[in-house]
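Letters A, B, ... are given to chains in the order of the sequence lines, protein chains preceding strands, and every chain is numbered from 1. Bear in mind that the values here come from a model prediction, so they are computed numbers and not experimental data.
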4 protein chains.
Amino acid sequence: MVSVSLGANKYGKAENRIVRIYRDTPRHEIVDLNVTSQLRGAALVDSYLTGDNALVVATDTQKNTAFAFAKQHGVTSPEEYLLALADHFVSGFEWIEGGLWQAEQYEWERIIVDGRPHDHSFVRRGQATRLAAVQVVDGATHVTGGVKDLTVLKSTGSEFAGFPRDRYTTLVETDDRIMATSVTGRWRFLPEAVDAGIDYNTLYADVSAVLLSTFATVHSLALQQTLFAMGKAVIEARPEIAEVRFAMPNKHHFLCDFTPFGLENPGEVFYAADRPYGLIEGTITRDGAASAPDAWRDLPAFV
Amino acid sequence: MVSVSLGANKYGKAENRIVRIYRDTPRHEIVDLNVTSQLRGAALVDSYLTGDNALVVATDTQKNTAFAFAKQHGVTSPEEYLLALADHFVSGFEWIEGGLWQAEQYEWERIIVDGRPHDHSFVRRGQATRLAAVQVVDGATHVTGGVKDLTVLKSTGSEFAGFPRDRYTTLVETDDRIMATSVTGRWRFLPEAVDAGIDYNTLYADVSAVLLSTFATVHSLALQQTLFAMGKAVIEARPEIAEVRFAMPNKHHFLCDFTPFGLENPGEVFYAADRPYGLIEGTITRDGAASAPDAWRDLPAFV
Amino acid sequence: MVSVSLGANKYGKAENRIVRIYRDTPRHEIVDLNVTSQLRGAALVDSYLTGDNALVVATDTQKNTAFAFAKQHGVTSPEEYLLALADHFVSGFEWIEGGLWQAEQYEWERIIVDGRPHDHSFVRRGQATRLAAVQVVDGATHVTGGVKDLTVLKSTGSEFAGFPRDRYTTLVETDDRIMATSVTGRWRFLPEAVDAGIDYNTLYADVSAVLLSTFATVHSLALQQTLFAMGKAVIEARPEIAEVRFAMPNKHHFLCDFTPFGLENPGEVFYAADRPYGLIEGTITRDGAASAPDAWRDLPAFV
Amino acid sequence: MVSVSLGANKYGKAENRIVRIYRDTPRHEIVDLNVTSQLRGAALVDSYLTGDNALVVATDTQKNTAFAFAKQHGVTSPEEYLLALADHFVSGFEWIEGGLWQAEQYEWERIIVDGRPHDHSFVRRGQATRLAAVQVVDGATHVTGGVKDLTVLKSTGSEFAGFPRDRYTTLVETDDRIMATSVTGRWRFLPEAVDAGIDYNTLYADVSAVLLSTFATVHSLALQQTLFAMGKAVIEARPEIAEVRFAMPNKHHFLCDFTPFGLENPGEVFYAADRPYGLIEGTITRDGAASAPDAWRDLPAFV
């Protein structure tokens with residue numbers, strides 16, 4: 001006789017596309033979010049076992065709340081907005097023990113008209129997408145920020161050599177290659193920094209700048225080394241950050257072989273390949289900071 | 001003075017698109033895979049800290065090995081192929097302690113010509129993508145199978161009512177709605193079953209059929225209930241399976257309101273919405289089976 | 001002094017995701033469409049020049065009509081449904097001279113339970129997407145059917161040789177390669193066949209079968225030759241069809257070179273490349289059928 | 001007896017991802033292209049009819065040539081690069097009568113380090129993709145530039161009212177809405193301007209700026225009106241441009257109804273919808289410029 005049980009679970013409403021306009025003055029502000037809310041609680045087991053929905057805060061209700069909170073609480077930063085949402089569900093429903101709230105933020109720039117930024121017209125920036133997540137587990141609240149699709153390339157200053165060779169190794173060593181990646185990273189905030197209050201928007205700008213400048217200036221012997229240096233620089237730059245996780249595809253650019261055509265190609269023409277790609281992932285932690293595996297529960301690994 | 005350390009990490013080559021043709025007889029067979037190989041080992045830390053690649057089995061070497069093994073070992077099933085690959089890296093390089101090997105498999109059907117399946121011409125089936133993963137951690141090998149993008153819909157036999165109402169609740173109760181989802185699931189095999197040998201391809205077909213028939217026949221009071229019933233049925237159907245994890249979006253189909261046009265709409269015309277969507281996730285475990293969190297390390301949560 | 005004029009234009013509502021359930025008996029039927037409606041008329045010029053919307057049948061109204069017609073007229077076939085929609089707009093608003101109405105149809109199969117197809121539970125087939133379009137220009141109505149993403153592969157029976165060589169030619173001739181493509185095709189119906197009435201659903205099934213079997217059985221010397229043979233077979237199979245247009249990517253599968261590893265690879269292991277890909281496009285016309293360039297206006301070229 | 005003929009056709013290699021680095025000084029430059037080359041010629045008919053490839057300049061050869069030309073001719077602008085490629089094929093093979101050459105260009109910005117742009121490290125801009133195409137038909141050469149995915153939004157300054165109402169009209173008139181679109185546009189250059197030589201890069205920057213500022217400053221009564229104004233402004237700004245074609249989705253932002261929650265929503269919180277969307281398309285032509293339908297052959301309509 002087979003018997004089974006319900007293990008880890010959560011449920012909610014994913015990808016609520018919420019646009020918040022601040023229009024209190026003629027100079028409007030725009031915040032553009034993609035918000036996911038999911039709840040957990042042992043008491044919810046009956047919805048799985050028997051379809052008893054008496055404790056199921058409907059996913060539609062979660063959606064309504066997410067939109068309403070953009071009005072009631074505003075969106076100073078995605079992190080603070082998610083914290084308000086998390087507190088609402090965990091405080092407001094005694095059987096909701098925790099959950100995961102996530103946001104993507106799309107950035108907009110003001111359109112320039114006659115050399116001046118326009119009051120209410122915007123163009124989507126497109127350079128990267130900002131990430132934020134709040135997780136509540138066992139009474140503890142964890143906050144992470146992040147970025148994805150930050151695509152960078154350096155046309156020199158990257159080597160790859162000294163690796164072991166076996167029967168299947170054909171790669172030639174190189175002391176000058178293109179290195180390109182699309183950075184996805186998340187940084188976890190120290191709980192005490194969250195409690196003290198963080199200027200999340202300034203921090204995001206700082207971290208983005210540090211990621212870019214570190215990528216640019218590190219002479220790279222391996223993408224692993226660049227990844228670690230980027231994480232180290234982020235932690236050094238901002239005392240609020242406990243750890244950083246990265247996933248970095250090595251977006252290969254292959255030098256074209258023009259010898260059949262009688263041409264030279266001294267690092268000038270490359271074929272940008274789609275698949276396969278290297279995939280380097282790693283965590284950089286601040287020494288002395290307590291680890292917090294719950295903060296990362298169900299977040300995409302190394303994303 | 002800030003000091004940092006390297007935490008969890010892995011690296012490798014992602015999305016190797018490997019097509020294996022069996023052509024020993026005029027009746028060819030095709031296996032179409034997307035393979036990702038990633039390695040872990042404490043000794044690799046120097047590649048991150050200093051760019052010392054002396055122990056870095058190049059991602060290019062991992063790629064070459066993945067292609068070569070499709071020849072040397074064949075691809076009886078994605079699970080067995082990944083097991084061979086994992087064993088090669090862990091056994092062949094003493095400093096490689098483990099890793100994660102993943103595959104997607106795209107299914108092809110024979111084209112029908114004059115009522116008979118053709119020997120060497122195929123059409124891509126497209127109904128779903130098969131998943132497999134092998135994880136080696138601390139000397140233990142974990143195997144999971146899975147499926148994604150199995151899109152199903154029932155046009156009746158689904159209710160949703162009895163949920164709590166608060167200030168933000170506007171959802172109307174219903175005793176007849178469309179229920180649609182795109183099933184993503186992974187099932188972990190019992191280690192003793194892996195050791196004894198599993199007919200992974202027959203198992204995949206069995207599990208797929210059970211997923212479909214259970215979705216069809218359960219009168220649903222909530223997607224949570226359907227999810228649990230599907231997992232339970234899978235575990236009941238195959239003794240090799242220790243647990244199942246699902247992520248199921250509730251792909252909303254909203255009944256159109258035709259009253260402004262003076263028309264009735266008794267469950268006939270629906271608007272299929274993209275975003276937001278409900279997202280229900282859960283694990284169903286076989287009672288008595290040992291848990292194995294390492295098996296799921298870095299696999300997309302509930303995927 | 002620069003002066004400008006409005007040229008060709010149209011406007012409407014794109015990608016209405018309409019799901020129609022037939023539930024008159026316990027055995028339900030499902031039709032799943034993505035519908036785009038766009039209108040043209042010289043009188044609409046003022047909406048462009050001055051923002052005068054007095055004649056602008058709102059895109060929201062077009063959407064409402066498309067959903068309502070799924071109830072009022074049903075969806076016997078996408079072609080007939082679009083014809084009803086086209087007639088409504090062109091007949092109902094004297095200043096609407098014509099337009100373009102398009103549909104994609106996603107196919108569903110019944111789920112099998114205990115060996116029998118279920119009454120109201122379905123799984124999305126995923127093998128290809130059906131296309132239909134109706135165009136009204138200058139009082140003439142044109143109807144086209146089609147298919148996209150029909151992905152096929154043959155593991156032998158394909159050669160490519162005899163092509164000219166110049167300074168930039170490095171391709172080696174082959175008498176045995178994998179040939180794979182993802183067929184996108186549209187077929188235009190003869191106006192007299194449209195007037196007489198066509199069983200569009202049976203025709204679609206017939207054409208799909210002919211496309212597949214012709215791909216399978218033609219020994220291919222070039223993808224161009226296969227494309228032409230497929231179009232010829234379609235026109236021969238169904239007298240209602242005046243012409244066929246195809247776009248066929250040559251989805252390259254490169255034989256892996258295993259000589260560095262001391263392995264042979266007699267047509268067994270291939271790398272499936274993403275980009276670049278060959279792209280072969282062509283039209284096959286029934287001799288004697290009048291051409292109808294208006295039928296193809298603004299349809300994606302060779303799609 | 002059914003007889004068929006070959007109609008319009010072309011063939012080539014699509015989506016060659018070519019990255020060109022200029023490294024003659026320490027301050028590198030990067031040009032990142034996605035190039036498609038396709039050829040036409042009546043003599044190619046035999047490849048379709050019989051698989052005779054004697055005149056088929058292989059798609060692989062077209063690819064090699066595209067990469068080699070990035071070295072031999074450089075990529076001053078995508079338009080000039082495509083002109084060189086077109087001339088090579090049409091001049092170099094007497095049976096090649098014409099073709100279509102297309103490019104997408106992805107823009108990169110220098111990474112800022114210590115307040116200064118870095119010499120060889122770049123971040124992908126992501127704001128929009130530049131388009132270019134060269135078409136040769138009947139001995140005439142046509143050049144078009146363009147842009148896609150330029151996503152803009154204005155949070156006020158947009159109305160929609162005065163449209164006709166019928167049975168299916170439910171849309172409420174509004175004098176203040178969000179207007180958002182993702183601009184795709186192509187502009188055709190006057191042949192005499194092409195002959196005289198155009199600074200294509202400066203022109204692209206100028207046109208982009210005019211598109212943005214016109215979108216920002218036009219008080220919009222309809223997206224049609226905004227579209228026309230944007231095209232008019234482009235033609236007024238640059239005498240080299242004969243006509244402009246646009247496709248502009250109306251990316252709907254729906255004001256959330258918070259009355260069930262007892263909240264006001266004075267234009268502050270919106271739901272950004274995916275599908276369906278309005279789709280407005282139109283051409284703006286310079287009065288007196290000769291039309292050139294061949295220039296647009298097989299280019300995606302209104303793209």
Side-chain angles (χ1 to χ4, degrees), chain C residues 2-17 38 47-49 51 53-61 63-65 68 161-164 166 168-171 221-222 224-225 228 232 235-236 243 250 275-287 298 300-302, chain D residues 2-17 38 47-49 51 53-61 63-65 68 161-164 166 168-171 221-222 224-225 227-228 232 235-236 243 250 275-287 298 300-301:
Chain C
V2 175
S3 90
V4 303
S5 301
L6 181 68
N9 63 85
K10 65 182 185 297
Y11 81 102
K13 192 71 102 192
E15 302 210 35
N16 297 282
R17 290 284 291 106
Q38 290 180 288
S47 66
Y48 288 86
L49 299 194
N53 298 314
L55 299 181
V56 176
V57 181
T59 69
D60 190 77
T61 299
K63 176 195 74 175
N64 285 346
T65 308
F163 47 88
D166 73 352
Y168 300 107
T169 304
T170 56
L171 187 68
L221 303 176
Q224 283 89 330
Q225 178 207 21
F228 186 79
K232 182 169 186 285
I235 290 175
E236 288 173 347
E243 63 177 314
N250 192 340
R275 294 189 294 184
Y277 48 90
L279 182 51
I280 314 300
E281 300 170 326
T283 306
I284 301 92
T285 61
R286 180 185 296 275
D287 290 341
D298 293 352
F302 290 108
Chain D
V2 175
S3 91
V4 303
S5 303
L6 182 68
N9 63 83
K10 67 181 182 298
Y11 81 102
K13 192 70 98 190
E15 302 209 35
N16 297 282
R17 290 285 290 106
Q38 290 181 287
S47 66
Y48 289 86
L49 300 193
N53 298 316
L55 299 180
V56 176
V57 180
T59 69
D60 191 76
T61 299
K63 176 195 72 175
N64 285 347
T65 309
F163 47 87
D166 73 351
Y168 300 107
T169 304
T170 56
L171 186 67
L221 303 176
Q224 283 89 331
Q225 180 208 17
L227 180 154
F228 185 80
K232 183 168 185 286
I235 290 176
E236 289 172 347
E243 62 177 314
N250 191 339
R275 294 190 295 184
Y277 49 91
L279 183 52
I280 315 300
E281 300 170 326
T283 306
I284 300 91
T285 61
R286 179 185 297 273
D287 290 340
D298 295 352

Notebook entry, point to check: In a check of side chain to side chain contact (heavy atoms under 4.5 Å, CB included) between Q224(C) and each of L49(D), L6(D), V56(D), which one passes?
Noted result: V56(D)
Notebook entry, point to check: Which pair of heavy atoms, one from K13(D) and one from P276(C), lies closest together, and at what distance?
Noted result: CG-CB, 3.7 Å
Check: Is a side-chain donor-acceptor pair under 3.5 Å present for T285(D) with S5(C)?
Finding: no
Margin query: With a 4.5 angstrom heavy-atom cut-off, is it the side chain or the backbone of P300(D) that approaches chain C, or both, or neither?
Written below: neither
Next item on the list: Output the option from I284(D), D287(D), D166(D) having the highest count of non-hydrogen pairs under 4.5 Å with chain C.
Entry: D287(D)
Notebook entry, point to check: By a 4.5 Å heavy-atom criterion (distance strictly below it), what part of T59(D) contacts chain C: side chain, backbone, both, or neither?
Noted result: side chain
Margin query: Given heavy-atom pairs under 4.5 angstrom as the criterion, report whether the side chain, backbone, both or neither of R17(D) touches chain C.
Written below: side chain
Checklist line | Over all atoms of both residues, closest heavy-atom pair of Y48(C) and F228(D) | finding: O-CB, 3.3 Å
Checklist line | Donor-acceptor contact below 3.5 Å, side chain T283(D) vs main chain A8(C) | finding: yes
Notebook entry, point to check: chain C heavy atoms under 4.5 Å from E281(D): which part of the residue, side chain, backbone, both or neither?
Noted result: both
Margin query: Quick one: does any side-chain atom of D298(D) pair with a main-chain N or O of A301(C) as donor and acceptor, under 3.5 Å?
Written below: no
Margin query: Using a 4.5 angstrom heavy-atom cutoff, name the option from A58(D), A161(D), G12(D), G282(D) with the most pairs to chain C.
Written below: G12(D)
Item checked: Heavy-atom proximity to chain C below 4.5 Å, by part of L227(D) -> side chain
Check: Once you round to the nearest 0.5 Å, how far does CG of N250(D) lie from OH of Y11(C)?
Finding: 12.5 Å
Next item on the list: Mind ranking V4(D), L221(D), N9(D) by heavy-atom pairs under 4.5 Å with chain C and telling me who comes out on top?
Entry: V4(D)
Note to self: Using heavy-atom distances under 4.5 Å, tell me whether K10(D) contacts chain C through its side chain, its backbone, both, or neither.
What the structure shows: both
Check: Are side-chain heavy atoms of D60(D) and T170(C) found at a separation under 4.5 Å?
Finding: yes
Check: Looking at CG of N64(C) and CG of L171(D), how far apart are the two atoms once the value is rounded to the nearest 0.5 Å?
Finding: 8.5 Å
Check: Which pair of non-hydrogen atoms, one from S47(D) and one from A222(C), has the smallest distance, and what is that distance?
Finding: O-CB, 4.4 Å
Margin query: If we define contacts as heavy-atom pairs under 4.5 Å, which of I235(C), L55(C), I280(C), V57(C) has the most with chain D?
Written below: I280(C)
Next item on the list: Tell me, for Y277(C) versus chain D, whether the close heavy atoms (under 4.5 Å) come from the side chain, the backbone, both or neither.
Entry: both
